[in-house]
Amino acid sequence: MKKSRIFLTATAVAVVTMAASALTALPLQAATPDITVNTATTFQTIDGFGAATPIFNGSGSPWTTSETQTLVGTGEGQLGLSIVRTVISPVSSEWSLYADSLRTAKSTSSDVKILASPWTAPASFKTNNSRTDGGKLRTDFYDDYAAHLNSYVQFMRQQGVTIDVTSVQNEPDWHPNYDSMDWTGTEMRDWVRSQGANVQNTRLLVGESLRFNRAYTDPTLQDATARNNIGYVGGHLYDAENSGNLSAYPLAAQNGKNQWMTEWNLHAADGAGSNIWGNPSNQTVWNETLDDIMRTVHRSMEANWSAYIWWYGRRFYSFIGDGDTQFGTTKGAVLRRGQAFSQYAKYVRPGDRRVALTKSSRTSPLEVTAYQGRDKITLVILNRSNSAISNAVIQTPQNIASAQYIATSQNLGAAAQPVTLGSGQATVNIPARSISTITITQGTAPTASPSPSASPSASPSPGGNCTVTMRDGTRWADRFNTEVTVTGTNNWTVVLTLASVQRFSSAWNATATVNGTTITLRPNGNGNVFGITTLANGNFTRPQTQSCTAT
């Protein structure tokens with residue numbers, strides 16, 4: 001007796017926030033690709049995506065344990081930030097303010113890096129004897145400033161917090177009437193050259209100019225001693241596009257220094273102030289999120305930058321709400337902007353490397369970057385057009401074991417979407433005005449198998465001159481497997497009926513003809529294991545067999 005098997009997978013139509021399990025399917029015949037990933041051509045290594053704690057007194061209480069876990073965790077409903085930026089106060093008595101938040105971030109995810117930035121040196125170190133309004137670091141206090149930064153790093157180590165990266169100065173080219181300090185690029189070079197090695201157990205970052213002005217980083221990169229005392233160069237995005245500085249930085253790349261975008265903040269959508277931020281589907285907020293913020297993340301990645309760090313992680317215009325009643329957010333609740341940013345932060349992880357890709361004319365309007373690491377290929381797809389793209393085929397160089405597809409749009413919040421796999425390809429539907437991420441796990445697609453708790457085999461259901469036997473397989477919250485064994489022939493036609501709440505999505509290794517809830521399956525020459533994906537509202541009703549006929 002010959003046996004052929006059909007595996008059925010049911011997947012929720014209802015959106016599943018931040019926790020879709022990977023859909024696994026068996027190979028389909030190859031289709032013409034719309035996006036082709038080329039892992040042979042590589043670019044920058046990713047250090048992470050992040051946001052800042054409150055910085056100034058009065059700018060909000062420290063993140064709570066729950067808020068910190070929401071921001072940096074990678075579980076359901078969490079955003080996956082892998083860099084947390086904080087402030088080095090000029091007053092040492094304030095250093096402990098954010099220690100608990102930073103410690104929680106580190107314990108929640110081993111991937112998290114801490115960046116600490118000083119806004120000013122202590123007033124007595126400066127030419128204007130003030131924390132505010134700029135003023136320069138006096139040259140006779142260069143060593144004292146190094147000791148000040150080093151003391152902060154060692155203090156935090158004693159608190160159980162590793163400060164991975166320490167900035168020399170936040171915005172040396174901006175001198176407002178709050179904490180600030182003025183530097184030139186050559187002054188930063190001189191300080192780093194003479195004092196950089198005295199700040200220990202951390203790596204220094206220079207720059208952080210207002211618009212990533214390279215006049216603040218070039219001198220350090222051009223000096224061998226100073227260059228060896230730093231780990232990174234960085235800058236902010238304010239007016240960086242207009243000044244041409246949202247672009248590749250060859251001098252940094254040539255000297256092996258990763259480039260970090262360490263601050264940007266935009267919330268023009270609120271105008272004079274309103275409660276629009278508490279509405280997750282507000283169009284004005286979504287347009288700003290997609291067309292400005294997510295676009296600049298994409299452009300930063302294409303510019304070979306290794307990190308993108310937003311301003312406050314908790315604020316009415318940011319990733320989780322702060323409870324400000326004027327703007328209508330709930331304190332600690334994830335906002336749509338946070339879900340959009342998580343499409344990068346949660347799925348493109350530190351150590352992943354950006355790789356090349358090409359697009360067909362059909363997908364040319366999309367803004368796409370691809371990454372490889374952890375035996376995965378991850379693509380982040382911005383579709384800022386008003387048109388969805390159906391059945392977009394993504395081609396990878398390797399076989400695919402499984403894939404996960406998540407999308408965020410004005411009306412979708414990090415929601416699981418169907419993905420069909422086959423022949424090194426993944427096929428997805430890309431919503432209009434959306435940002436989506438597909439994470440592809442490399443390897444051989446497994447044969448579906450029942451879980452240990454699966455119900456025993458049902459009684460055979462004869463039809464024509466072959467027999468169908470079905471049994472339940474693994475169940476998840478949003479889908480389940482049904483195993484169908486056809487006995488008697490490898491050339492068959494099986495007709496199944498789905499429950500009324502289910503609907504057909506796709507098939508692999510079998511040709512499917514769909515008429516409402518009736519699915520007719522035939523072999524397509526790819527062996528004797530077959531399957532379909534159906535969509536459902538958490539309904540675990542086993543499909544019914546109408547007939548099985550040898551052909």
Side-chain angles (χ1 to χ4, degrees), residues 15-22 45-53 63-86 101-115 164 260-262 280 289 293-294 297-298 300-301 305-315 318-321 332-354 369-382 403-408 412-417 434-441:
V15 299
V16 181
T17 304
M18 301 299 293
S21 298
T45 299
I46 301 302
D47 290 317
F49 301 86
T53 67
W63 297 343
T64 66
T65 296
S66 175
E67 290 167 347
T68 305
Q69 291 170 340
T70 296
L71 286 163
V72 307
T74 56
E76 182 176 356
Q78 297 176 329
L79 303 182
L81 304 186
S82 49
I83 300 177
V84 175
R85 186 177 183 229
T86 193
S101 302
L102 301 179
R103 190 183 307 109
T104 299
K106 284 283 194 177
S107 64
T108 300
S109 174
S110 60
D111 284 342
V112 169
K113 293 182 178 69
I114 307 298
L115 163 65
D164 302 277
W260 285 22
M261 198 297 288
T262 57
T289 296
I293 299 164
M294 295 305 106
V297 181
H298 169 78
S300 297
M301 295 299 101
W305 297 0
S306 293
Y308 187 109
I309 305 169
W310 178 249
W311 184 227
Y312 288 148
R314 184 193 64 206
R315 198 70 171 98
S318 288
F319 300 158
I320 61 175
V334 174
L335 301 174
R336 185 72 85 229
R337 183 161 290 183
Q339 292 170 326
F341 194 77
S342 75
Q343 301 277 171
Y344 284 99
K346 191 171 183 178
Y347 304 107
V348 182
R349 302 303 298 171
D352 288 358
R353 188 150 190 173
R354 189 169 72 88
T369 49
Y371 309 84
Q372 185 178 38
R374 302 162 292 125
D375 295 322
K376 300 178 187 296
I377 293 173
T378 303
L379 292 92
V380 185
I381 303 169
L382 271 70
Q404 179 187 53
Y405 185 49
I406 306 293
T408 297
L412 287 175
Q417 303 294 298
S434 70
I435 177 171
S436 57
T437 306
I438 181 166
T439 303
I440 295 168
T441 301

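All residue numbers refer to positions in the sequence shown, counting from 1.
- Under the side chain to side chain contact (heavy atoms under 4.5 Å, CB included) criterion, Asp164 pairs with Lys106, Lys113, Ile114, Thr162, not counting sequence neighbours.
- Here Ala105 pairs with Thr68, Val72, Val84, Val112 under the side chain to side chain contact (heavy atoms under 4.5 Å, CB included) rule; sequence neighbours left out.
- Distance check: Leu382 CG to Ile435 CD1 gives 4.5 Å after rounding to the nearest 0.5 Å.
- When every heavy atom of Tyr347 is checked against every heavy atom of Ser342, the shortest pair comes out as CD1-O, 3.6 Å.
- The shortest side-chain heavy-atom distance between Ile83 and Trp260 falls under the 4.5 Å cut-off.
- Across all non-hydrogen atoms, the minimal contact from Arg349 to Ser109 is NH2-OG, 3.8 Å.
- Residues Trp310 and Arg315 are not in side-chain contact: their nearest non-hydrogen atoms beyond the backbone lie 4.5 Å or more apart.
- Side-chain contact between Arg337 and Phe319: present, with at least one pair of heavy atoms (C-beta onward) separated by less than 4.5 Å.
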Evaluation steps, ring pair (Phe, Tyr, Trp, His ring centres under 6.0 Å), between Tyr344 and Tyr308: CA-CA 10 Å; Tyr344 284 99; Tyr308 187 109; 8.1 Å; no
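- Thr369 has its side chain within reach of Arg354: a pair of non-hydrogen atoms, C-beta onward, lies under 4.5 Å apart.
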Worked verdict on Val380 versus His298 for side chain to side chain contact (heavy atoms under 4.5 Å, CB included): CA-CA 9 Å; Val380 185; His298 169 78; over 6 Å; no
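- Checking side-chain atoms of Lys376 against main-chain N and O of Ala403 turns up no donor-acceptor pair under 3.5 Å.
- Between Gly413 and Thr408, the shortest heavy-atom distance links the atoms C-OG1, 4.1 Å.
- Residues satisfying the side chain to side chain contact (heavy atoms under 4.5 Å, CB included) test with Leu335, not counting sequence neighbours, are Thr329.
- Applying the side chain to side chain donor-acceptor pair (under 3.5 Å) criterion to Thr70, with sequence neighbours excluded, gives no partner residue.
- The distance from the CZ atom of Phe49 to the CG atom of Leu79 is 13.5 Å, given to the nearest 0.5 Å.
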Ile406/Lys346 under side chain to side chain contact (heavy atoms under 4.5 Å, CB included): CA gap, chis, key distance, verdict: CA-CA 11 Å; Ile406 306 293; Lys346 191 171 183 178; over 6 Å; no
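- Here the closest non-hydrogen pair linking Gly48 and Ser82 is CA-OG, 3.1 Å.
- Note: Asp111 CG to Asp47 CG = 11.0 Å, rounded to the nearest 0.5 Å.
- Between the CH2 atom in Trp63 and the CG atom in Leu102 there is a gap of 8.0 Å [rounded to 0.5 Å].
- Minimum interatomic distance between Phe341 and Val297 (heavy atoms only, all atoms of both residues): CE1-CG2, 4.0 Å.
- Distance alone, capped at 3.5 Å, is enough to place a donor-acceptor pair between the Arg336 side chain and the Pro280 backbone.
- Nearest heavy-atom pair across Gly313 and Ser318 is O-CB, 3.8 Å.
- Between the CD atom in Gln372 and the CD1 atom in Ile46 there is a gap of 13.0 Å [rounded to 0.5 Å].
- Thr439 contributes atom OG1, which lies 9.0 Å from atom CG of Asp352 (distance to the nearest 0.5 angstrom).
- Remark: Thr437 pairs with Gln343 by the side chain to side chain donor-acceptor pair (under 3.5 Å) rule, at least two apart or across chains.
- Under a 3.5 Å cut-off, the side chain of Arg314 and the backbone N or O of Glu67 do not form any donor-acceptor pair.
- At a threshold of 4.5 Å between non-hydrogen side-chain atoms, the residues Val348 and Met301 do not count as touching.
- Looking only at side-chain heavy atoms (C-beta outward), Met294 and Thr289 come within less than 4.5 Å of each other.
- Listed by chain and number, the residues in a ring-ring contact (aromatic ring centres under 6.0 Å, His included) with Trp305 are Phe212 (sequence neighbours excluded).
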Full working for side chain to side chain contact (heavy atoms under 4.5 Å, CB included) between Thr108 and Leu71: CA-CA 10 Å; Thr108 300; Leu71 286 163; over 6 Å; no
